[in-house]
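Heads up: the structure comes next, in structure tokens.
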Amino acid sequence: MLTTKLFPFLDLDLLKPYFYFLLFIGLYLTFRLKFPQIRFLFLAIKIFSGNMDYKGSRGRLVHSQAFYAGTGSSLLPGAVLGSALALVLAGPGVLLWIWLSSFLIMPLRFVSSTLAIRFRIKLESGRYLSGPMYFIEKALRARWLAIAFSLACLLTVLSMGSAIPILGASFLAQNGLDIQGMTVPFLVSIIVVFVVLGGIRRIGKVSSYIAPIGLILFFLSYVLLFRDHLGNFYFFLESVFKEAMQPFSLLLGGGFSLARIFSTGTGMFFLSTETGIGKSAGVAGVVRTDSAAKQGIVSMLATFFEGFVISTLVIYALFSFGVKDLESVKNFLYVLVNGPTDPARLALIASFLLFSIVAISGWFYTGEQNARYIFGEKFANAYRILFIASLLGSAYAYVQYGENFLLQVFGIGYGLALITAVPVLISLVLLAKVAQGELRKFLEGGAHYEIFKDFYLLLLSILPKNLVSLLFGILASLRLPRFIMIPILKAFAKAYKINLNEAELEIQEYNSLNQFFTRALKAGARIIDSAENALVSPVDARITGFGDINDQVILQAKGVDYNLKELIGGDKYLSKFQNGKYITFYLSPQDYHRIHSPAYGRILGYYYEPGKLFPVNELAVFGIRGLFPKNERLITFLQTEFGLVAVIKVGASNVGRIRVTYDKKIITNTLIRTTKEEDYKDVSIMIEKGAELGRFEMGSTVILILERDTFDFAELPLNEKVTYGTTIGTFRKQVLKLPR
């Protein structure tokens, strides 16, 4: 399968030591940094999304902008080309080696991006200077090596970063859109000039817009073009594993030669995705961040995406169409882009044209940084002119000389990239300790909590919460022998610091954990405000939020909001509660768990929604969007003399049941549950202020919703405990008379 001469000016034998060196460094960094590609994968996505972005940090780009601008040339074009060339060189079995190697090599991007931020320089103008040359000089004290890198990188930029993307755009324009000559190269060059004149901020902003669009178009076109032609995926995987395992099965006579073939093919993939060249590190160095390790963690996503997603899609498609050598790859490509002009082909061509703009802009900035490092600002200006001239000159040469010129430029660019990678890869090994220190500082600064939180929320999402809660409720209701039950109850009370002096019974009198949890209080343990217009707390709990309802939106702290209609379960009383008020009470395991009426009134009915049973602790509430409407809820509608009140009882993990005193037929958290709404039209159910309304069998949350223009809050202690019967506000005026 090995092709002896793929491109002019490129010796394929050089790919073997390049790949082995990458693999060695990947193994070293993986073990030294304790598998960051596993530990921080979800954290990388979270940082990338902007959830951990701090506007007060130093830098010019947010994490996603730096990611797209720095990896735009490898994320799609490089990964697609590298996958095709790897297949040509080593067959479909190379995919398994790409997967394994990508996993091990992910920490390379982490270290290079982290070092770029750690050793970046900020000028008085606010501009940042960054890239491998700065950490090579400052950390290794080897300016000669930094200069050698920058010189090689400049030549790589003019070939791999300028000529190759514009040649790709020219090829697509001529063969896919039938636009001959210099029209498309001129348009691309004009757009690039507009982008780069705005500096790195505009490069990052434009990249963050058009790169996602390009990816969407690529995936859309892939599905539309290939969905009816792709082979059996399981047969494809079987072929991949069978071929990839040959070097292990052939220990003698050919095993080592096969390993060399796979190393060449895999090396070609990583060279195409610019691994170890340091290009993405230069852009990562200007990210706005409070920790150098954050963008390093994000950068690993590029290798993951290229090595696991794009390579699989490309090699799967080529394998399905029987593509095996360079000639068949070219034929497949010509057929693909020269087919009928339909939306699918246009989407494919548009995706690569968009990425060519991202790629050229990112490479332009990389070259500009290197030119300034070697020769200063004056030569940097000359470089900008040289770069644009390289763009147009390469496109013109392609128009004149065709495919031969394209292959020659590819060979030169790849050869220069190999040279450029040498100083960077050496530096990554020598400076791994510095990156490790930055990672440690980031983790000690609170990232451990973020990792735990993400794992916790993921666990909550996949666990069968309702079944677990039902089983927990059954266990909590078990009546164990007294010599077992009493120590359990005492340990529970001690762990949660429960005030046993308020309990109606002595601790040894409770027959189960659930009975103790739903204990009554001694007479007189709580004083109920007797003022007719006083609304009292229905529970012993911590007030976690209160305020006005904005139309139908309940806004909690930290940007967490809920839809009123979803929360109360329908339209029946919605108009009365719009623009009303709300107050949220969180009951911890320490609290008394019976619920009391906040005012005197008539119970109009209830609404039961059998939802999920997520926990309602702060971590879950602020981590799972719209948690309260997702959870099981039992809403009691209470008509007071001053207005309508909804008492929302929210179920939670380990809540065996929610029970109410006014209707024994209500049973929550059963195996078979359906939404139920009840109106008490034929019966008048009155309840006194402070009278028991219901109870939680284990802890949860109560939310009061108050009719608009009927109520004013007292001065409430946010995030502090209140006891039931405590005044939480006053009604404004009496609107009707209820029987006493």
Side-chain angles (χ1 to χ4, degrees), residues 465-479 492 498 503-505 510-521 526 537-541 567-569 585-599 601-616 628 631-638 645-680 683 685-704 724-725:
K465 295 166 285 297
N466 295 69
L467 179 60
V468 170
S469 298
L470 183 63
L471 294 174
F472 189 87
I474 293 171
L475 291 174
S477 299
L478 290 177
R479 297 195 173 195
F492 186 87
I498 295 172
E504 182 182 41
L505 304 176
Y510 294 101
N511 296 316
S512 67
L513 182 60
N514 183 57
Q515 192 180 83
F516 174 65
F517 210 85
T518 57
R519 63 195 178 276
L521 297 179
R526 299 286 183 269
S537 172
V539 287
D540 285 7
L567 196 61
I568 65 174
F585 303 88
Y586 168 66
L587 289 76
S588 71
Q590 180 188 62
D591 295 317
Y592 162 70
H593 272 67
R594 298 196 182 191
I595 307 160
H596 297 258
S597 178
R602 181 171 64 238
I603 296 175
L604 302 178
Y606 69 84
Y607 179 89
Y608 170 61
E609 180 64 41
K612 303 292 185 181
L613 286 173
F614 286 105
V616 291
F628 290 147
N631 269 16
E632 182 173 70
R633 301 179 315 287
L634 179 59
I635 300 104
T636 301
F637 297 102
L638 178 67
V645 179
V647 183
I648 304 172
K649 297 161 283 293
V650 183
S653 294
N654 300 334
V655 177
R657 293 281 188 273
I658 302 172
R659 299 188 186 274
V660 291
T661 57
Y662 56 84
D663 194 330
K664 302 299 182 184
K665 294 181 292 183
I666 302 175
I667 301 176
T668 70
N669 194 17
T670 57
L671 288 176
I672 300 175
R673 303 172 303 148
T674 58
T675 299
K676 186 176 181 181
E677 187 172 9
E678 184 74 36
D679 290 324
Y680 298 126
V683 61
I685 303 176
M686 308 302 296
I687 189 167
E688 293 291 333
K689 182 194 299 185
E692 186 177 333
L693 182 67
R695 66 183 66 174
F696 287 119
E697 297 181 355
M698 305 306 278
S700 194
T701 290
V702 170
I703 304 172
L704 294 184
Y724 100 77

Nearest 0.5 Å, what's the [atom1]-[atom2] distance between [X] and [Y]?
{"X": "Arg633", "Y": "Lys649", "atom1": "CZ", "atom2": "NZ", "result": "11.5 Å"}
{"X": "Leu567", "Y": "Ile635", "atom1": "CG", "atom2": "CD1", "result": "7.0 Å"}
{"X": "Leu638", "Y": "Ile687", "atom1": "CG", "atom2": "CD1", "result": "7.0 Å"}
{"X": "Leu505", "Y": "Leu521", "atom1": "CG", "atom2": "CG", "result": "11.0 Å"}
{"X": "Ile603", "Y": "Thr661", "atom1": "CD1", "atom2": "OG1", "result": "6.0 Å"}

Exercise: identify the closest heavy-atom pair between [X] and [Y]:
{"X": "Ser597", "Y": "Leu693", "answer": "N-CB, 4.0 Å"}
{"X": "Pro610", "Y": "Thr675", "answer": "CD-OG1, 3.5 Å"}
{"X": "Phe585", "Y": "Ser537", "answer": "CE2-OG, 3.5 Å"}
{"X": "Arg519", "Y": "Gln590", "answer": "NH2-O, 3.7 Å"}
{"X": "Ile666", "Y": "Tyr662", "answer": "CD1-CE1, 4.3 Å"}

Step-by-step side-chain contact (heavy atoms from CB on, under 4.5 Å) determination, Arg594 to Arg695: CA-CA 4 Å; Arg594 298 196 182 191; Arg695 66 183 66 174; 3.3 Å; yes
Set of residues satisfying salt bridge (Lys or Arg N to Asp or Glu O under 4.0 Å) with respect to Asp679, sequence neighbours excluded: Lys572
Under the ring pair (Phe, Tyr, Trp, His ring centres under 6.0 Å) test, residues paired with Tyr592 that sit two or more places apart: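 Ring pair (Phe, Tyr, Trp, His ring centres under 6.0 Å) check on Tyr592 returns His596, Tyr724.
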Contact between [X] and [Y] at the side-chain level, heavy atoms closer than 4.5 Å - yes or no?
{"X": "Tyr607", "Y": "Ile568", "result": "no"}
{"X": "Tyr606", "Y": "Val660", "result": "no"}
{"X": "Asp591", "Y": "Tyr586", "result": "no"}
{"X": "Val702", "Y": "Phe696", "result": "yes"}

Parallel, tilted or perpendicular, as decided by the 30° and 60° cut-offs, for the rings of Tyr510 and Phe516: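 Answer is perpendicular, since the angle exceeds 60°.
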Within 6.0 Å of CZ in Arg526, more than 12 heavy atoms from elsewhere: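 Correct, the count exceeds 12.
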